[in-house]
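Scroll down for the structure; my scribbles are underneath it.
Proteins get letters first, then strands, A, B, ... in listed order; numbering begins at 1 in each. Worth knowing before you read on, the calculation uses all heavy atoms, side chains too, and leaves out hydrogens, waters and symmetry mates.
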Amino acid sequence: MTSYAWDPFREIDALMAGLDRLLDRTWSTAGSSPGINVYANDEAAVVTTELPGVRPDQVQVQLLDDVLTITAERAAEATAGELLVNERPELRFSRSVALPFAVDANQVEARLKDGILTVALRRTEADRPRKITVATA
Amino acid sequence: MFSLFKPETKSEVSAAPVRSERRVVAPRVDILETDDAVLLIADMPGVSADSIDVRVHGDVLTLRGTTRLEEPRSFQVIWREYALRDYERTFRLGHAIDTERITAQAKDGVVRVTLPKRAAAQAKRIAVTAG
């Protein structure tokens with residue numbers, strides 16, 4: 001049996017989500033140009049971007065010093081028929097992001113899955129914060 | 001070799017922090033019509049074949065896609081332009097659609113829903129022969 005204690009934050013969360021839902025239903029459509037998210041900790045950085053319909057051979061990931069550049073292009077749909085609605089944009093994407101620290105160019109991994117590109121980069125050893133042990137006198 | 005890509009296991013998924021609700025947005029779509037079907041193409045990055053849900057109720061089709069995306073664990077957000085979200089959009093179908101034969105597939109974050117027309121609704125092509 002699970003008992004539910006009253007959690008005000010859960011209620012606020014639910015309220016916000018409800019509001020989000022209300023607004024989303026009415027106005028919100030997924031953005032027309034791919035967004036980039038950047039995550040980092042002391043050792044590594046992760047850059048993600050949404051590239052629906054893009055195959056791995058249509059993406060280029062380049063690193064120059066601490067600037068990561070992602071270039072992608074979506075092939076035109078090979079479709080027959082009359083186009084009734086056309087909201088999906090032509091996808092020609094090129095973005096550069098400055099990483100928060102120096103990274104090791106030899107340890108970069110990029111993966112494309114279900115239209116999401118994830119690039120993982122490792123911070124150079126020399127650039128990492130070091131913990132100095134304080135000795136007693 | 002350093003790797004942030006861990007194999008996806010059940011335990012990892014269930015160990016993830018549970019958000020009470022995720023954002024839901026309407027995917028952008030293209031709709032094409034041919035002689036025998038209507039094709040709905042939706043950009044739904046993060047959605048795989050097993051997380052598409054297509055339902056027809058009366059003449060309303062609801063397309064849902066759930067993403068199993070998570071923020072990388074033990075990382076801080078430095079810059080954010082998009083939120084992790086799910087997708088949902090409804091469409092009104094014309095009489096011509098055979099709702100029993102609707103199929104959907106997902107590839108590279110793009111969902112394609114094929115809505116076949118009823119046989120009676122298909123334009124008949126009459127062969128013209130030279131006389």
Side-chain angles (χ1 to χ4, degrees), chain A residues 10 13-14 16-18 20-21 24-25 27-41 43-56 74 77 79-89 91 97 99-100 104 107 109 111-118 120-122, chain B residues 1-5 8 19-49 51 65 67-69 71-91 106-112:
Chain A
R10 186 184 304 218
D13 253 11
M16 295 294 280
D20 253 8
R21 227 161 218 262
D24 282 337
R25 290 279 157 83
W27 300 315
S28 178
T29 302
S32 64
S33 86
I36 284 191
N37 287 355
V38 182
Y39 307 87
N41 61 21
E43 286 115 46
V46 176
V47 178
T48 63
T49 186
E50 297 181 309
L51 300 172
V54 173
R55 294 190 314 264
R74 179 157 77 186
E77 293 283 341
T79 39
E82 190 191 347
L83 197 55
L84 305 178
V85 175
N86 184 14
E87 297 172 351
R88 296 167 68 235
L91 215 149
V97 240
L99 299 165
D104 186 342
Q107 296 197 68
E109 279 185 68
R111 179 176 292 199
L112 187 60
K113 185 171 184 289
D114 297 331
I116 296 194
L117 177 74
T118 305
L121 309 110
R122 193 167 202 187
Chain B
M1 176 70 185
F2 142 87
S3 182
L4 288 155
F5 302 117
E8 289 166 35
R19 291 277 312 274
S20 53
E21 287 273 357
R22 293 168 64 106
R23 282 179 65 84
V24 178
V25 298
R28 286 179 174 267
V29 299
D30 283 353
I31 300 175
L32 288 134
E33 184 175 3
T34 62
D35 286 346
D36 52 7
V38 173
L39 179 65
L40 181 66
I41 307 171
D43 280 346
M44 297 162 85
V47 170
S48 55
S51 59
T67 60
R68 287 197 205 93
L69 304 176
E71 309 276 10
R73 242 159 287 164
S74 73
F75 279 81
Q76 277 185 296
V77 178
I78 302 292
W79 182 257
R80 181 196 292 291
E81 290 178 353
Y82 69 91
L84 305 189
R85 63 225 173 169
D86 296 325
Y87 301 91
E88 182 178 323
R89 192 158 172 184
T90 54
F91 303 88
K107 192 172 182 287
D108 302 330
V110 177
V111 175
R112 282 177 172 76

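- Each of Leu39(B), Leu40(B), Val110(B) has some count of heavy-atom pairs under 4.5 Å with chain A, and the biggest count is that of Val110(B).
- Using a 4.5 Å cut-off between heavy atoms, Val77(B) contacts chain A through both its backbone and its side chain.
- Ion pairing between Asp43(B) and Arg74(A) holds under the 4.0 Å rule for side-chain N and carboxylate O.
- Between the side chain of Asn86(A) and the backbone N or O of Ile31(B) there is no donor-acceptor pair closer than 3.5 Å.
- A donor-acceptor distance shorter than 3.5 angstrom exists from the side chain of Glu81(B) to the backbone of Ile36(A), with no hydrogens or angles considered.
- Of the two parts of Thr49(A), only the backbone, made up of N, CA, C and O, holds a non-hydrogen atom closer than 4.5 Å to a non-hydrogen atom of chain B.
- Nearest heavy-atom pair, Arg85(B) versus Glu50(A), reported as atom, atom and distance to 0.1 Å: NH2-OE1, 2.8 Å.
- A distance of 7.5 Å separates CG of Leu84(B) from CD1 of Ile116(A), quoted to the nearest 0.5 Å.
- Side-chain atoms of Gln76(B) do not come within 3.5 Å of backbone N or O of Asn41(A) as any donor-acceptor pair.
- Atoms CZ and CG, from Phe75(B) and Asn37(A) in turn, are 13.5 Å apart once rounded to the nearest 0.5 Å.
- When each of Pro52(A), Gly81(A), Gly115(A) is checked for heavy-atom pairs under 4.5 Å with chain B, Pro52(A) comes out on top.
- Nearest heavy-atom pair across Asp114(A) and Ser48(B) is OD2-CB, 3.4 Å.
- Note that the CD atom of Glu82(A) and the CG atom of Leu32(B) stand 9.0 Å from one another [nearest 0.5 Å].
- Contact count against chain B (heavy-atom pairs under 4.5 Å) is highest for Thr48(A) among Leu51(A), Thr48(A), Val47(A), Val97(A).
- To the nearest 0.5 angstrom, Asp108(B) atom CG is 6.5 Å from Leu112(A) atom CG.
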